[in-house]
Amino acid sequence: MWSWETNSSSFNQETKLPLSPQLVEGSTFEPSRKDMDKVEETSKDIIKFTAEKLSVDHVSQLVVSPLCGAVSLFVGTTRNNFEGKKVISLEYEAYLPMAENEIRKICSDIRQKWPVKHIAVFHRLGLVPVSEASIIIAVSSAHRAASLEAVTYAIDTLKARVPIWKKELYEESSSSWKRNKECFWATNS
């Protein structure tokens with residue numbers, strides 16, 4: 001049962017809700033074998049490069065765990081402008097063997113730094129139209145601080161170490177390959 005009470009003279013509102021669902025008299029909660037198995041759930045690192053459109057819902061669901069109270073996401077999308085030029089899409093290429101290996105190292109680094117459960121890194125290849133996701137990183141953990149810090153580390157480190165190249169396609173039929181300023185092998189010129 002709940003009640004909604006208002007006091008019109010002071011505009012205070014109070015809501016009363018039950019603290020927990022009522023149990024049937026004589027019943028007890030006993031975890032099922034399925035629930036017990038989830039306590040021993042194995043951590044997962046899920047890495048995917050694809051030309052297909054990315055789904056935030058799909059990637060975030062891959063890292064959900066009953067052991068975790070937080071799922072943090074980074075979603076990088078194609079914006080419609082760069083330095084006054086109208087961008088119509090981005091085109092991504094990657095050296096896949098090295099890219100996958102570097103992302104696995106990033107996942108390993110994350111696990112050494114923070115107590116996270118699952119990590120998913122999905123990156124789009126080929127053409128990515130304006131407003132669509134180029135990358136989705138999802139991390140689950142028991143508490144939000146670990147997953148938030150891990151997601152930030154993942155995107156910053158990915159941009160610095162992973163061989164993925166981006167070409168911007170502009171409305172006026174021109175294009176430009178973009179140097180990743182954060183990449184360790186890029187030189188200042």
Side-chain angles (χ1 to χ4, degrees), residues 38 40-80 82 87 89-169 175-189:
K38 294 213 183 257
E40 299 166 16
E41 183 179 37
T42 303
S43 296
K44 299 181 288 191
D45 295 339
I46 307 152
I47 300 164
K48 183 174 183 180
F49 290 88
T50 182
E52 302 297 318
K53 186 173 181 177
L54 300 179
S55 164
V56 173
D57 288 340
H58 173 72
V59 177
S60 64
Q61 285 301 309
L62 291 172
V63 301
V64 168
S65 168
L67 301 172
C68 297
V71 171
S72 297
L73 298 168
F74 173 80
V75 181
T77 60
T78 302
R79 65 178 171 269
N80 69 358
F82 180 76
V87 175
S89 66
L90 298 177
E91 183 177 355
Y92 286 93
E93 291 183 8
Y95 177 55
L96 289 178
M98 186 177 176
E100 289 174 6
N101 189 45
E102 287 300 317
I103 292 175
R104 288 198 191 290
K105 288 178 187 175
I106 292 168
C107 292
S108 177
D109 293 347
I110 287 170
R111 292 189 182 288
Q112 290 177 13
K113 294 174 183 289
W114 297 281
V116 301
K117 189 64 182 170
H118 303 305
I119 303 168
V121 179
F122 280 48
H123 203 295
R124 184 104 173 249
L125 298 176
L127 291 176
V128 182
V130 169
S131 299
E132 287 189 15
S134 300
I135 184 167
I136 302 173
I137 300 172
V139 178
S140 60
S141 61
H143 305 284
R144 71 179 176 267
S147 61
L148 287 167
E149 291 172 17
V151 164
T152 299
Y153 176 85
I155 188 60
D156 291 347
T157 308
L158 182 143
K159 290 190 65 81
R161 293 191 346 208
V162 180
I164 298 171
W165 300 277
K166 173 175 74 174
K167 180 179 183 181
E168 290 182 344
L169 303 167
S175 64
S176 174
W177 283 101
K178 295 307 198 185
R179 182 176 65 130
N180 187 348
K181 298 172 197 160
E182 299 159 284
C183 190
F184 76 89
W185 61 78
T187 58
N188 292 332
S189 43

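If you're wondering where the values come from, they're calculated on a predicted model, not measured in any experiment.
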Donor-acceptor contact present, side-chain [X] to main-chain [Y], <3.5 Å:
X      : Y      : result
Thr157 : Ala154 : no
Ser147 : Val71  : no
His118 : Lys44  : yes

How about [X] and [Y]: do any of their side-chain heavy atoms sit closer than 4.5 Å?
X      : Y      : result
Trp114 : Val139 : no
Thr78  : Pro129 : no
Glu41  : Pro66  : yes
Ile47  : Arg104 : yes
Phe49  : Ile103 : yes
Thr152 : Phe74  : no
Asp45  : Ile110 : no
Ile106 : Leu158 : yes

Rounded to the nearest 0.5 Å, what separation is found between the [atom1] atom of [X] and the [atom2] atom of [Y]?
X      : Y      : atom1 : atom2 : result
Arg111 : Lys117 : CZ    : NZ    : 8.0 Å
Glu149 : Lys113 : CD    : NZ    : 10.5 Å
His58  : Glu52  : NE2   : CD    : 11.5 Å
Ile135 : Lys159 : CD1   : NZ    : 8.5 Å
Ser131 : Asn80  : OG    : CG    : 7.0 Å
Ile136 : Ser55  : CD1   : OG    : 6.5 Å

Locate the shortest heavy-atom distance separating [X] from [Y]; write the atom from each residue and the value.
X      : Y      : result
Arg124 : Tyr92  : O-CB, 3.5 Å
Val128 : Ala133 : CG1-O, 3.7 Å
Ala94  : Ala99  : CB-CB, 4.5 Å
Tyr153 : Arg161 : OH-NH1, 4.3 Å
Ser141 : Cys68  : O-CB, 3.2 Å
Val151 : Ser72  : CG2-O, 3.4 Å

For Ser134, which of Leu125, Leu90, Thr77, Ile164 qualifies under side chain to side chain contact (heavy atoms under 4.5 Å, CB included)? Leu90
